Number of protein chains: 2
Amino acid sequence: MAEEPRNTGAHLVYGELKRRILSLDLKPGERIYEPAMATALQVSRTPLREAIRRLISESLLEQLPTGGVLVPALDEKVISELYDVRAALESLMAREACANATAADLEELRGILARNAAMVEFADEAMKYGVALHAAIARIAGNSWAQRFHGQIASQVERYRYFTNNAPERRDEALANHRLLVEAIASKDEEKAAKVAFEHVIGARDETLRVISASGLAVE
Amino acid sequence: MAEEPRNTGAHLVYGELKRRILSLDLKPGERIYEPAMATALQVSRTPLREAIRRLISESLLEQLPTGGVLVPALDEKVISELYDVRAALESLMAREACANATAADLEELRGILARNAAMVEFADEAMKYGVALHAAIARIAGNSWAQRFHGQIASQVERYRYFTNNAPERRDEALANHRLLVEAIASKDEEKAAKVAFEHVIGARDETLRVISASGLAVE
DNA sequence: AAGAGTGTACTTGTATACAAGTATCCACTT
DNA sequence: AAGTGGATACTTGTATACAAGTACACTCTT
């Protein structure tokens, strides 16, 4: 995850393309033509290709057998897989956070939790502190590979953001799970923490799948 | 993991560089200079750079803040992280295999197990069937993202191959764990399967760390 | 002698020209 | 009319030339 964003053109192009993909500004299924995109971004094909290759390696772009490149379609099966892997990773990080958390760390977690609770009626803020909690746990766990994979998963899931459920009762449930998680970490109960984290994410998965099957997922 | 290895020069170079990195033919800490490597591999810098970038994105190469590229050093902390993530992923796949395994799948797993048992006295063969068992479970689980990450982890671990313990008693223990795992999958006991897989890999981690601290890990 | 400054050799980053391959469209054949 | 053949326009893949930046050594100063 530790990105050194060296001010090279390829990195800027990477960031811009990634932003467009995650925001669905570049539509799923849409093909990318190098010359057109290069002129649009005002760079030559060389740094553009570098950015494209990197995005392919993260599955934020997809390579056709013949060599063309396109934005991957959205897919219900894939999102289920993503949440499952995310559950496994967050579960692991919760477990490792148990072993590593200092008193100061626990204070930080409880602080985030309190802000989360205070803001639970505001969807944006609640989401923000939820993410902050996960980030803090990831930092405490200190497993760079878990963080890296988790970051890739998060990027993927971002494309399905439209289908996540932010209803108030859902936020209450998340908050309750977060409380359980922090307390498990505080009591150094690895098994409990791992289990709570796992099931929390699985719950989010099922909820998202429910929203998708209700609202319909456009796949071309 | 589904790689379409299109016969492009960049892919060949990628494969060759990866092979050299994993075999420690390119030594940890060694820097890579594009012009020299390009002439050595008889391609221009363009496909070489493409391969290098891809390897960087998999952390099989490392980029210096100033732009140079080198082979990452071996590091005891990292290998612990790798095994932990691997444990989480294999645990997940074992769980998912429980849900998906057909009678034919179980037969396949038991077949591999039997061959593993028959060959337990031969290190290479035993290792081979161990890998085959994990591959079969991964296939049955059918989670492409878990497989993808697991593959990356496996590549990383490959560089530490020298430090893995292949002693006979170690192989017996692995076989016993594999038996437990297959039986858990056969009985559709997700929690059991997940737990056995997790602890099996954690055991391998501890053994590897023991070997490393005994034999000493050369870091420059 | 130690340090700062400068110049040179070499590195990576980018643009562009070219080669090879793919798809599409139209004419032509059956 | 349908299908096949080929020519054409356009795609991606590669090589190379060039620009920008980095590191290192050497000299000159103090």
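We use all heavy atoms of the structure for the numbers below, so side chains are in, but hydrogens, waters and symmetry mates are not. Each chain gets a letter, A, B and so on, in the order its sequence line appears, and its residues count up from 1. The shown structure was predicted, so the numbers you read here are calculated from the model rather than taken from an experiment.
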For the residue pair B:R171 and B:A126, what are the closest heavy atoms and their distance?
-> CD-CB, 3.7 Å
Non-hydrogen atoms of B:Y160 and B:A73 that approach each other most closely =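 Scanning both residues completely, I find the closest heavy atoms to be OH-O, 4.3 Å.
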Range on DNA chain D touched by chain B, heavy atoms, distance below 4.0 Å |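 Result: D:dG13 to D:dA23.
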Salt-bridged, [X] to [Y], with N to O below 4.0 Å?
X	Y	value
A:E81	B:R148	no
B:E108	B:R139	yes
A:E207	A:R210	yes

Look only at the side chain of B:Q156 and the backbone of B:E58, and say whether a donor-acceptor pair between them is shorter than 3.5 Å.
->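 The answer is yes, because a donor-acceptor pair under 3.5 Å joins these two groups.
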Without swapping roles, check the side chain of A:R115 against the backbone of A:G111 for a donor-acceptor pair under 3.5 Å.
->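 Yes, because the side chain of A:R115 sits within donor-acceptor range (under 3.5 Å) of the backbone of A:G111.
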Hey, can you tell me if A:F149 and B:F149 have their rings parallel, tilted or perpendicular (30° and 60° cut-offs)?
-> parallel
Parallel under 30°, tilted from 30 to 60°, perpendicular over 60°: which one fits the rings of A:H178 and A:H134?
->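 Perpendicular: the ring planes of A:H178 and A:H134 meet at over 60°.
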Among residues 40-52 of chain A, which residues get a heavy atom nearer than 4.0 Å to DNA chain D?
->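 DNA chain D contact set from residues 40-52 of chain A: A:R45, A:R49.
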Say you draw a straight line from NE2 of B:H11 to CZ of B:R54; how long is it, rounded to the nearest 0.5 Å?
->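 With rounding to 0.5 Å, NE2 (B:H11) is 5.5 Å from CZ (B:R54).
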With axes from five pairs an end, tell me the bend angle of the helix from C:dA1-D:dT30 to C:dT30-D:dA1, nearest 10°.
-> 0°
